[in-house]
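Please read the structure below before turning to the comments.
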Amino acid sequence: FTPEAVRPRRRASPRARYRNMPPKVFKGQVFALSGKLSQPRKEHEELIKKHGGELVGSVTAEVTYLISSEADVKAKPTKVVAAIGRGTPIVQEGFLGACIAAKKLLDAKHFAVKGAAPKRKAKAKAKRAPAAAGEPAAKRAKTEAAPPTTTDKVEVIAKSGLADKAKVVQQAIKKGFMEATLTWDVELFDTDVAAGKDKFYNMQLLASNEGDSFWAVQNYGKTGMDGTIHIDGPYTEFNEAKKVFHKKYRQKTGNVFGDLSATFVEKPGKYRLLAKAEEVADAAAAAGRPAPVKVGGGKWQYYLHNKVDGKKLGWYDYDKKAGENMEKYYGQFVRDAGLNIRLIQSDYFKYEVNFIEMIQRNIKSGMRRVIRRIAEGERASADAPKVIPEPAKPAPDWKAAESSEEEEEDDDAEEDEEEEGSDPGEGGEGEAPPGEALVAEADEPEVEEKPEEPKPPARGKAPAADEEGP
């Protein structure tokens, strides 16, 4: 023998061995982490993604494995309780390395954390015990989805610029005995009147008219303004756009989109989901309640109870854009009673609108006016309101709208750091053109006792809706 023949073989490092393994060991698997582990979260995330898996921040129906420790399971934190309740396997850290080394997904029971046996599986075994030999084992219901189609009933977000070449995607899905038609169109909102916050975040998944391109579209900003648009795509595969949509929805709401086995759960610091009009109508019918007010085509007016630029006292129409916005926000109030007070903003003014009392307040000046909605076909009285509201305390230090794009990007950065890394693609196209003021009062005193000179509007655009007259 030569010295080279007897020289011991040098073992490859774990990192080198992993590089030679198939990269898709965890394809289709979704992991979550819980408790203090021996390796940082970032390293686990890189390893899981490198081999085709996905790491999320909470235990939902889509999670297939929770990586934890015996000490963490004994402490019973939220993720462990959720995993046990859902029957999700809770495995040790070594599960990842063992699967990668074996080049396949191993049986989780060999890596189960002590004390974490899922109750659901124990019950399933008890039911299967008396089954005849050779009978197929009962399987956990999986979501079945039909190929995507499109719908003409949902308007494409106008600012996306895709309305003429794409439509909103619909998809029939089934899980066990549950069936539904999933429309990839959501309206999200985040309101806190006390904190002066009212913003929206709308999402759509679009397919080209030819069916060969797909986009994930987000439109967000402060209520009353057109907002910022962000478009991911086009993608040639539906699943690519679907993945972006799912990720963004989970980031913004903390929920999983399209999960038939779960209801939407409101999370602190996250956006809330606005129910669709047909869902509200169906719920009312099922409960035997009167049908919701039909929204669309209503005309909005305000009552001018003080002299401004020589105008007569009386009812005046909102300008066209402001009237359309008021009808839209009123429709949202009909769908969600919690949206009875809104903070509606333009470049020049910010208003608090109370849809129950039908009062509008200019936050900067404190001026309060009576408003009303005239339903389509209804005849309105010219009589003055029975009660004229007193001015409220002005807020002279109020500032105009800042960039909603920057605000959302800051939120995204925080969410990405907590969950899944940075989003694909770049930011939106900048701040939207200004919305129209609801009832601008640039030429009237801010309060009856303290007149204030009007400020010149930005961009040379006159904001005064009052000046248009009825």
(request) Report yes or no: does Trp315 contribute a side-chain atom to a donor-acceptor pair with the main-chain N or O of Ala380 at less than 3.5 Å? (result) no
(message) Any carboxylate oxygen within less than 4.0 angstrom of a Lys/Arg side-chain nitrogen, looking at Lys27 and Glu54?
(response) no
(request) Taking only Lys NZ, Arg NE, NH1 and NH2, and the carboxylate oxygens of Asp or Glu, determine whether Asp190 and Lys252 approach each other closer than 4.0 Å. (result) no
(message) Applying the side chain to side chain contact (heavy atoms under 4.5 Å, CB included) criterion to Phe189, which one of Leu273, Asn202, Leu274, Thr223 satisfies it?
(response) Leu274
(message) Check this for me: does any side-chain nitrogen of one of Lys276 and Asp185 sit under 4.0 Å from a carboxylate oxygen of the other?
(response) yes
(request) Just do the side chain to side chain contact (heavy atoms under 4.5 Å, CB included) check on His246 and Gln251 with the steps written out, would you? (result) CA-CA 9 Å; His246 269 294; Gln251 282 185 331; over 6 Å; no
(message) Between Asp226 and Lys321, does any side-chain N to carboxylate O distance fall below 4.0 Å?
(response) yes
(message) Main chain of Gly298, side chain of Glu327: is a donor-acceptor contact present, judged purely on distance under 3.5 Å?
(response) yes
(request) Calculate, to the nearest 0.5 Å, the distance between atoms OH and CD1 belonging to Tyr303 and Ile371 respectively. (result) 15.5 Å
(message) For Lys299, is there an ion pair with Glu324 - N to carboxylate O distance below 4.0 angstrom?
(response) no
(message) Could you measure the distance from the NZ atom of Lys243 to the CG atom of Leu205? Nearest 0.5 Å is fine.
(response) 14.5 Å
(request) Write down the atom of His305, the atom of Arg368, and the distance for their closest heavy-atom approach. (result) CE1-O, 3.2 Å
(request) Using the ring-ring contact (aromatic ring centres under 6.0 Å, His included) rule, take Trp215 and Tyr235 through it: C-alpha gap first, then chi angles, then the decisive distance, then the call. (result) CA-CA 6 Å; Trp215 296 266; Tyr235 299 100; 9.2 Å; no
(message) Minimum heavy-atom separation for Arg373 and Gly296, please, with both atom names.
(response) NH2-N, 3.9 Å
(request) Establish, yes or no, whether a centroid distance under 6.0 Å links the rings of Phe200 and Tyr220. (result) no
(message) Under 6.0 Å between ring centres: does that hold for Phe355 and Tyr330?
(response) yes
(message) For the CG atom of Asn209 and the CG atom of Asp164, what is their distance to the nearest 0.5 Å?
(response) 8.0 Å
(request) Compute whether any side-chain donor of one residue and acceptor of the other, for Thr191 and Asp198, lie under 3.5 angstrom apart. (result) no
(message) Is the positively charged end of Arg369 above the ring of Tyr302, judged by distance under 6.0 angstrom from the centroid and angle within 45° of the axis?
(response) no
(request) Answer yes if the side chains of Asn362 and Glu352 hold a donor-acceptor pair under 3.5 Å, and no otherwise. (result) no
(message) With side chain to side chain contact (heavy atoms under 4.5 Å, CB included) as the criterion, how do Asp232 and Lys248 come out once you've worked through the C-alpha distance, each side chain's angles and the decisive distance to 0.1 Å?
(response) CA-CA 11 Å; Asp232 293 291; Lys248 187 61 66 175; 5.8 Å; no
(request) Would you kindly say whether Gln29 and Thr64 are connected by a side-chain donor-acceptor distance under 3.5 Å? (result) yes
(message) Rounded at 0.5 Å granularity, tell me how far CD1 in Ile363 sits from NZ in Lys393.
(response) 14.0 Å
(request) Output yes when a side-chain donor or acceptor of Gln204 lies under 3.5 Å from a complementary backbone atom of Glu155, and no otherwise. (result) yes
(request) Evaluate the ring planes of Phe26 and Phe31, with Trp represented by its six-membered ring, and classify them as parallel (under 30°), tilted (30 to 60°) or perpendicular (over 60°). (result) perpendicular
(request) Kindly confirm or rule out a cation-pi arrangement of Arg372 over Trp300, judged by NZ or CZ under 6.0 Å from the six-membered ring centre and within 45° of its axis? (result) no
(request) Begin from the C-alpha positions of Tyr271 and Glu266 and carry the test side-chain hydrogen bond (donor to acceptor under 3.5 Å, both in side chains) through to its verdict. (result) CA-CA 8 Å; Tyr271 281 85; Glu266 295 178 9; over 6 Å; no
(message) Donor-acceptor check, side chain of Ser213 to backbone of Ser208, threshold 3.5 angstrom: yes or no?
(response) no
(message) Any side-chain to backbone donor/acceptor pair from Asn255 onto Thr253? Under 3.5 Å, distance only.
(response) yes
(request) Would you confirm whether Lys267, through its side chain, and Gly254, through its main-chain N or O, come within 3.5 Å as a donor-acceptor pair? (result) yes
(request) Measure the CG-CD distance between Leu188 and Gln218 for me, rounded to the nearest 0.5 Å. (result) 10.5 Å
(message) I'd like to check Ser68 versus Val80 (side-chain heavy atoms, cut-off strictly below 4.5 Å). Are they in contact?
(response) yes
(request) Can you establish whether the number of heavy atoms outside Glu376 located under 6.0 Å from its atom CD is more than 12? (result) no
(request) Drop me the distance from Ile157's CD1 to Ile231's CD1, to the nearest 0.5 angstrom. (result) 9.0 Å
(message) Does Lys165 have more than 12 heavy atoms from other residues, nucleotides or ligands lying within 6.0 Å of its NZ?
(response) no
(request) Answer yes or no: are there more than 12 heavy-atom neighbours, outside Glu278 itself, under 6.0 Å from its atom CD? (result) yes
(message) Between Asn219 and Thr228 (side chain of the first, backbone of the second, donor and acceptor by atom type, cut-off under 3.5 Å), is there such a pair?
(response) yes
